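Here is the structure we will look at, set down as structure tokens.
Please read all numbers here as calculations on a predicted model, not as lab measurements.
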Amino acid sequence: MASTIFFFFLLSFTFSNHLLVSASGRDTTDLIQKTCQNTKHYDLCVFSLESNPTSSHMDTKGLAQIMAGIGMANATATSSYLTSQLLSSSASNDTVLKKVLKGCADKYTYAGDALRSSVQDLAKENYDYAYMHISAASDYPNACHNAFRSYPGLVYPPEIARREEGLKQICDVVQGIIDHIGFQ
């Protein structure tokens, strides 16, 4: 009887240790790296996900939601930046620049809204809709860039160009992860 109890104790100890190892950072890092291999921007993907402490508790769908959340933060920060530029003294007398900056701020707000919708779509496992919302979020910055181009006297600021590229890369990563979810 004692040997049977010892056997079950040993078996349960071994099983619980296996579960702890499976939930450890090693498996999380492996999942992140495996997931990020399917994206266009591996380094951005790995850095972003490994920097987020909640990623250790997520599956692939959760990793996509984290990246979409990072995109939402980027879009919100860019919209706020554009609004601050709108209020700056250099834009105060230029009605065309004010109009373009306001339109750009709105576009980044729409991008954030689209990313928020994608998180909801992912939660419902509506991957096609999530992908569509990510595509929209990625495209909104183009409208901002095009607005600057439509006025020959306006120069597209390098800071906005940098932020545009950042949001597009984040969206590329989310789309790559969603593509991977469909093949699991």
Under 4.0 Å between a Lys/Arg side-chain N and an Asp/Glu carboxylate O for K124 and D121?
no
Given M67, which partner from the list V174, V119, N52, I178 fulfils the side-chain contact (heavy atoms from CB on, under 4.5 Å) test?
V174
If you measure from CD1 on I181 to OG1 on T35, what distance do you get to the nearest 0.5 Å?
8.5 Å
Okay, side chain of N146, backbone of N142: is any donor-acceptor separation there less than 3.5 Å?
yes
Considering residues, nucleotides and ligands other than Y129, do more than 12 of their heavy atoms fall under 6.0 Å from its OH?
no
List the atom of V46, the atom of I32, and the distance in Å for their closest heavy-atom pair.
CA-CG2, 4.0 Å
When every non-hydrogen atom of I134 is compared with those of S118, the smallest separation belongs to CD1-OG, 3.3 Å
Answer yes if I177 and M132 sit in the same cluster of Ile, Leu, Val, Met, Phe, Trp and Tyr residues linked by side chain heavy atoms under 4.5 Å apart, and no otherwise.
no
Rounded to the nearest 0.5 Å, how far apart are CG of D128 and NE2 of H133?
12.0 Å
E50 and Q33: CA distance, side-chain angles, deciding distance, side chain to side chain contact (heavy atoms under 4.5 Å, CB included) verdict:
CA-CA 9 Å; E50 286 183 348; Q33 290 176 353; 4.2 Å; yes
Salt bridge flag under 4.0 Å for residues K102 and D106
yes
Taking C-beta and beyond as the side chain, do S138 and L167 meet within less than 4.5 Å on heavy atoms?
no
Which value, rounded to the nearest 0.5 Å, describes the distance between Q37 atom CD and H180 atom NE2?
9.0 Å
When you measure from the side chain of S48 to the backbone of C45, do you find a donor-acceptor pair of N or O atoms at a distance under 3.5 Å?
no
Rounded to the nearest 0.5 angstrom, the NE2-CG distance for H41 and D172 is 4.0 Å
Is a side-chain N or O of D59 found less than 3.5 angstrom from the main chain of G62, in a donor-acceptor match?
yes
Quick one: closest heavy-atom pair of Q175 and S135, and the distance?
NE2-OG, 2.7 Å
From OG1 (T78) to CD1 (I160), nearest 0.5 Å:
9.0 Å
With the 4.5 Å side-chain cut-off for hydrophobic clustering, are L115 and Y127 part of the same group?
yes
Exactly one of E165, E159, E164 should register a salt bridge (Lys or Arg N to Asp or Glu O under 4.0 Å) with R162. Which one does?
E159
In this structure, NZ of K168 is separated from CD1 of I170 (nearest 0.5 Å) by 13.0 Å
Quick one: does any side-chain atom of T83 pair with a main-chain N or O of S79 as donor and acceptor, under 3.5 Å?
yes
Classify the ring geometry between Y156 and H145 as parallel (under 30°), tilted (30 to 60°) or perpendicular (over 60°).
parallel
I want to check something: taking the side chain as every heavy atom from C-beta on, are D179 and Y131 in contact at a cut-off of under 4.5 Å?
yes
Is the shortest side-chain heavy-atom distance between L101 and F148 below 4.5 Å?
yes
Co-membership, hydrophobic cluster, residues L86 and V96, 4.5 Å side-chain
yes
Whether T76 side chain and A73 backbone form a donor-acceptor pair below 3.5 Å:
no
Of all the heavy-atom pairs spanning Y140 and K107, show the shortest one and how long it is.
CB-O, 3.4 Å
Could you tell me which non-hydrogen atom of M72 sits nearest to which non-hydrogen atom of G112, and how far apart they are?
CG-O, 3.7 Å
Test item: S55 side-chain N/O and L49 main-chain N/O as donor-acceptor pair under 3.5 Å:
yes
Cluster check L31, F47: I/L/V/M/F/W/Y, side chain < 4.5 angstrom
no
Minimum heavy-atom separation for A105 to L82, with atom names?
N-CD1, 3.7 Å
